[in-house]
Structures are given as structure tokens and as C-alpha cells.
Number of protein chains: 2
Amino acid sequence: MTLTLRHYSALTFAALCLCFGSVHAQDEILAEAQTTKLRITTVADGLVHPWGMVFLPNGDMLVTERAGTLRRVTPEGEKGPAIEGLPTIVSRGQGGLLDVTLDPDFDDNRWVYVAFSEPGDGGTSTAVARGQLDGNQLNNVQVIFSQQPKVQSDGHFGSRLVFADDGTLFITLGDRQQSYEAADAQDLGSHIGTVVRIYPDGRVPASNPFVGDDNALPEIWSYGHRNIQGADLHPTTRELWTGEHGPQGGDEINRTRAGENYGWPIITYGVHYGGATILDGKTHAEGMEQPIFYWTPSIANAGMTFYTGDKFPQWQNNLLVTGLRSRLLSRLVVEGDRVIHEERLLHDELGLRLRDIVQGPDDFLYLLTDERDGKILRMEPAN
Amino acid sequence: MTLTLRHYSALTFAALCLCFGSVHAQDEILAEAQTTKLRITTVADGLVHPWGMVFLPNGDMLVTERAGTLRRVTPEGEKGPAIEGLPTIVSRGQGGLLDVTLDPDFDDNRWVYVAFSEPGDGGTSTAVARGQLDGNQLNNVQVIFSQQPKVQSDGHFGSRLVFADDGTLFITLGDRQQSYEAADAQDLGSHIGTVVRIYPDGRVPASNPFVGDDNALPEIWSYGHRNIQGADLHPTTRELWTGEHGPQGGDEINRTRAGENYGWPIITYGVHYGGATILDGKTHAEGMEQPIFYWTPSIANAGMTFYTGDKFPQWQNNLLVTGLRSRLLSRLVVEGDRVIHEERLLHDELGLRLRDIVQGPDDFLYLLTDERDGKILRMEPAN
């Protein structure tokens, strides 16, 4: 694959920007994918470790910064003040203010949902709150979910929020990267290492797979997960697909079905540095699901989205997955339940940790860079 | 992935070899895969563009050289004289003596099958002959299949030979890389771009999908193929899987089922140099199958085998695919009908065009290098 790269320096554009009175950076980077040329422009910068993003009906974006700030950003890149009304958030290690999404009926009810690290007895846990957005204020804020138990750890909060077509809310969680004294991802008596499914007000759907099982928490949808930072609905089957980090290698994409066990920490394709396998090299076990696709060595996958717009016609229904340490964007061509091809993009052109990817209402793709001076980038076809 | 490389020069070993009286090269190369370290040693060299290989019950190998020679090679690497009795072979361009396999009842009937380029009215075609091996002689030689029509081309002969469990013989063919004036891979009135299925004596099984169709040749099993140089039975489903070259990109692995159309030259993931797609960028069409996996850019895939031995326990049922121009070995982790992971091996350590890969009776893997001084290499775990 030939990669071409043109990077117009911020300095060059500073002059241009002054002429046009623009207030934000206008870097433009061109990249070449197998099927199209790409133009990547900076929509906004100066965001501190942005983690999640959602578009409001008027075209503004709501963006989380991990330190605990939720901001509105206009399409022109102007950042609003911190939105008020969020619950208490612990920002430490991997924790803080994480994903954000809108209610499917947002136009009518103004509910905004955020995932965050919640303090409490025993340490912290992932939690989800909602509040009704009015200008730069969240009103009637309610915590609708708290992962149990709280533990002493600053890692593996998971935290993507995805509404299913039936109006229930999927919350992807992590194993909290602790010693497993409290619980591990195989323990259905905790939410450690699970995906949960609730109604938007926190009630538990009676159709959840473990409802009525005295040994399981009823919110659990699936379990055996390590740290899920990417999730989206498959565009045709409408099932939940998730992406989770492996230990060293073994990053996974999973079709995440009700009641199923995805194996962590019993089975994994992860390996230690030097090539030795962990967990006795066990990759299969009865009653545990295989991934749809995995990466060894790790790409450190974070956000992901199925592309369903018309701006990249050859990427229709492709799964786009961002990488942190790998600093790449992986394009997976998905046919039914199979990944039939992978293209790796943007590593050379951007060289930035990519936390999340979102399809905009304009069908362009928007990336969040996980940096101290984090950016919202827009990716368009350049042809 | 960290790659380590130690290459003991032929010179160093020449001294050792003299001590032990060995007559062939003993280069040893170490490589590191994700799951195991690998030791690669030269079993035999001095083979001129070897193309196909099969193990005889006594441990000797039968190896084809593209120029038209079939030879026996002992486990110690001693090459026998040219085996006599082969039909007339046209060795030009990609054509010549290609694959070789044994009858499932070889112990009793001594039938050896070879694929080759056959001269005749109109040009050449792929053909398959069999003969009964007696020492260095093939007796009772019969041509059991000739691709129709013969055309003026030296390319895309396909040519892998795989026996199904029911005793029928799959022959993988190519589109002959011509102007398609005669026929193309969508034309069921020719064998161009098809897989055919016959009995070992050349008769057509009544269960073939197009038997009774006046517009189709009855030997055809599947069609719409470009150039299939790799084929093996899936270890659990026992279906035929094949590997074919794309035009520029779009190299494919296909689960190759009765009567199905694999799309060439109508649909492809191939692209032209510079990134423009060919065939109007059409990748899908009604009634045409999607690949199980594809490569863009091309790896120029050639031979392939599912690994089913016990020497590489973590490679159980993995599909190993050799690359020509890419000079690599691709390890595909297959779960059911899905490729869930790819590891690329040997490019850095060998840097040689790899034509074929065969699992030996010792469960080690044997590679053929497509060079003027071609080799048989044995790959073992080095741990």
C-alpha cells in the first residue's frame, strides 16, 4: 500500500485563519486508503483527553473530557463552558467522565446519558447518570446504574453507552483491573466484566437473560469481558457488537449476545512479551464464545462504529475501530458475522492515540484524539 | 511483533556437513511466531521452480519442477532422476508441470496424479494425467482431464489437486489470463475459471451440480474463479476451501461449494495501482459469493494447507497460506467459517517466494520456494 502524506503546518494556516477570522486550527492531512483518498481536518482542539462524543440535533457536539468536563462544541469548533449538574466524578488513572449519548427521544425529553467513575464505599465503580439538557445545565440528574462492587482500582471502567432498537440501554463494563478478590468477570453475582442492559430509568427488563436466577445480578446481559471501550449495533442484524482490550495481545471484537460468556479471564488469545502465552495458552473452553476477530499483537482498540452513511460508499457497513497505543484506525470489512478483510489506516499520517470514532449527521467520520491537547478531527473523502 | 533472526551461513555449515558426510545444505533459520519459535531447515535444494509436492508412504517426497520434471527426494534430501512416462508438457510462462498428488488407495493401486500445461489445437490448457508409479517410471499413463477450450496464453493455469473424502478429485483451474474472446469465468460452456470435480478415471459424478444442464459442462463444480493455486479440505466440515489471486489486490480465500459463482470477472476487491478500483468498484452482486477473507494489497497467495498435526498444537485447524511476491506465510486462525485472526510470518527471515506448503507425515510443515535454485524447507517448533 502506498501512503501519501501532506501536512500543512499550523503556522501556514495560522495566516490563512487570521484572514478568514477563524478561531481554531485548520490543519489538513491527506491520507490514502485502498478505496479512497482521505482528508482529515481539525474541527476543534484544546480538549483534555476527550473520551466520548455525540451529535445534538442542531449539529453541535457534546464531548466529554476525562477530567470530568462535558462541553458543547459547535460545528465551527467553538467550545462552550463546562455543562453543569454532573454528579461527583473521580478522575484518576483511566477513570473520569467517559462516554456520552442521547436518549432516542431526546427531541422530546432532553435526556443526556453519561458514563463516569463514581466514588463510594470500597473505592470506585463505573456508573451511568442522566440529566435533562437545558442550555449548559443538566437538570433532574439521576444515577441510573452503578457497577457492583466498588473496588480499589483506577483501571478498566469500560463505559460505552449504546441504545438498542427496543429502547433499552447497553452499558459496557470492565473487569476493573484488580486482584479479583472481590469478583472476576466469571462471577455473575457482580457486574465486574459484564455488559448490562437496563431501561433508561434504571429498571431491569424482564427479558434480561439472568432475571430470576438467584445467583446472578439481573442487569447482566453478557459476561467474561475484560475492558470494553467500543460498542455499536450491527447495521443489519441490529445485534450489539463490542470491542475489548486483551492482556498483551488478544484484543477482541465480539458479537455480544444475551447470556453468553466471552471467556475472560479463563480463555484469551493474549500473550506475554516474548511470545509466551498466558493462562496456560487456553484459547477455547466449553460454553465460552470465540471472538469474531482478534488482534495479536494488540492494537489497543477503543471506540468503534459501523459506517452506514453515503459519503464513503465503499465502506458501507464496515466496522471502524480506533487504536490507542497503535495510533491507527482499523477498517474491518464485515460480511454477515465474518470479518473478511482488514485495512489499517492513519498510523503514519496522524500518529495520535485515537479514543473514539463517531459517524456525523453529515455522514462524515469524526475522531477523538486521546491527548492532553486532544482534538476532534473530521475525515472526508478527498476525491 | 518482535522478530528474531539467526542465519547460519551455508559456508559455516559446509564444514559441518563435510564432517557428517551430508550432501545437501543445512542452513538453519530461526523465526518467532506469536505462539511459538520456529526452526527452518533446508531439506533439499537445487530444484528448479518446484511447484507441488506429496509424501510417499515410505517418507520420500515426489516433487514437481515447473520445467517438466517429476522427481523423488529422500528425507535426507537426495534427489532422484527425472521420473519417466509423463505426457508432453508445455513449459512456458506460468505453465509447465504443476501439482502432484497420490490416489487415496495409492498403497494398492500406485496411481500418481499430475496437473500440467497441455499443448493442442488452439494453444494450451491445464490438464491432469495419472500413471502408476514403479520405481522411477510412471506406467499406464492416462490424461483424465483437459480444460476446454485451449487458448493462446501462458498464464493462470490454476492446478491444485485435492481428493474429497468421497474419492472424487477436485481440480482447481484458472481463467487463462486471455482476452476472454473464447470464454470467461462466467461461461459455464467452458472450464475457464472453474473448479471441476471428476472421478479418478475422468468420469463425471452424477452428483455434480450442472449435470443435465445443456448449457454447462458437467465437470464444473464451481465457477467465477480467477486463478486458484491453493486448495485443501476444511478439517472439520470437509468442504473444499480454495485460494485465488486477485488482479491487483483482492486475493481471496473461498469456501468453494457446489454450483456457486465466485464472481470473477464481475465482482472483485481488486484495485489498480494508485488506488482506483477496477470493474467499476463492484464488490457485490446478486447470486455471487463473497470471499471468506481477502487481501488488498495482494500477498500473491499460492499454496495452502490446513494444519491438523500435533507438532504445532496452537495452530490446530489453522489455514497456512504461502505468498509469492509478498514472500510471506500467512497463518489464518479459522473458527467455523470465519477467519478470526491473521499472523504474517517468514517474510523477514526467508525473503523467498513461497509456492506451496504441505503437512508432512511427521506433522512438520514443508515449504517449496519458487526460485531457480528452489528448496524444500522443513519448519519445526524450536522450543
Side-chain angles (χ1 to χ4, degrees), chain A residues 1-4 31-38 246 248-255 269-278 280-284 289-298 312-318 331-344 381-383, chain B residues 1-4 31-38 246 248-255 269-278 280-284 289-299 313-318 331-344 381-383:
Chain A
M1 180 175 50
T2 309
L3 295 166
T4 62
E32 189 157 333
Q34 286 161 12
T35 50
T36 185
K37 291 195 173 81
L38 304 172
Q248 298 288 346
D251 291 344
E252 297 180 354
I253 300 294
N254 288 299
R255 180 187 55 192
Y269 287 93
V271 293
H272 278 311
Y273 286 113
T277 53
I278 64 168
D280 303 324
K282 210 167 156 189
T283 56
H284 291 68
E289 303 304 313
Q290 286 293 304
I292 291 286
F293 196 75
Y294 74 88
W295 291 274
T296 300
S298 290
F312 298 91
Q314 293 188 308
W315 293 8
Q316 198 58 222
N317 295 350
N318 287 186
R331 180 174 70 93
L332 300 176
V333 180
V334 177
E335 279 292 323
D337 287 338
R338 291 201 305 261
V339 171
I340 67 171
H341 179 61
E342 181 187 15
E343 179 181 16
R344 297 184 174 198
N383 316 42
Chain B
M1 181 172 53
T2 308
L3 294 165
T4 62
E32 187 156 334
Q34 286 161 11
T35 50
T36 185
K37 291 196 172 81
L38 304 171
Q248 297 288 345
D251 292 344
E252 297 180 356
I253 300 295
N254 288 299
R255 180 187 56 190
Y269 287 92
V271 293
H272 277 311
Y273 285 113
T277 53
I278 65 167
D280 302 323
K282 211 168 156 188
T283 57
H284 290 69
E289 303 304 313
Q290 286 293 303
I292 291 286
F293 196 75
Y294 74 88
W295 291 272
T296 300
S298 289
I299 66 164
Q314 294 189 306
W315 293 8
Q316 197 60 220
N317 294 351
N318 287 187
R331 179 174 71 91
L332 299 176
V333 180
V334 177
E335 279 291 323
D337 286 338
R338 292 201 304 261
V339 171
I340 66 169
H341 180 61
E342 180 186 15
E343 180 181 16
R344 296 184 174 199
N383 312 43

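Quick caveat, the model's predicted, so the values are computed rather than measured. Residue numbers start from 1 in every chain, and the chains themselves are labelled A, B, ... in the order their sequence lines are given, proteins ahead of strands.
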All heavy atoms of Tyr269(A) vs all of Ile340(B), minimum pair found to be OH-CD1, 3.7 Å

- Determine yes or no for a side-chain-to-main-chain donor-acceptor pair under 3.5 angstrom, with Gln34(B) supplying the side chain and Thr296(A) the backbone. yes

Output for pair (His341(B) NE2, Glu342(A) CD), nearest 0.5 Å, gives 10.0 Å

Applying a strict 4.5 Å limit to non-hydrogen atoms, the region of Glu335(A) in contact with chain B is side chain

Minimal heavy-atom distance between Val339(A) and Phe293(B), with the atoms involved, is O-CD1, 3.8 Å

Practice item. With the side chain counted from C-beta on, respond yes when Ile292(B) and Arg338(A) share a heavy-atom pair under 4.5 Å apart, and no when they do not. Key: yes

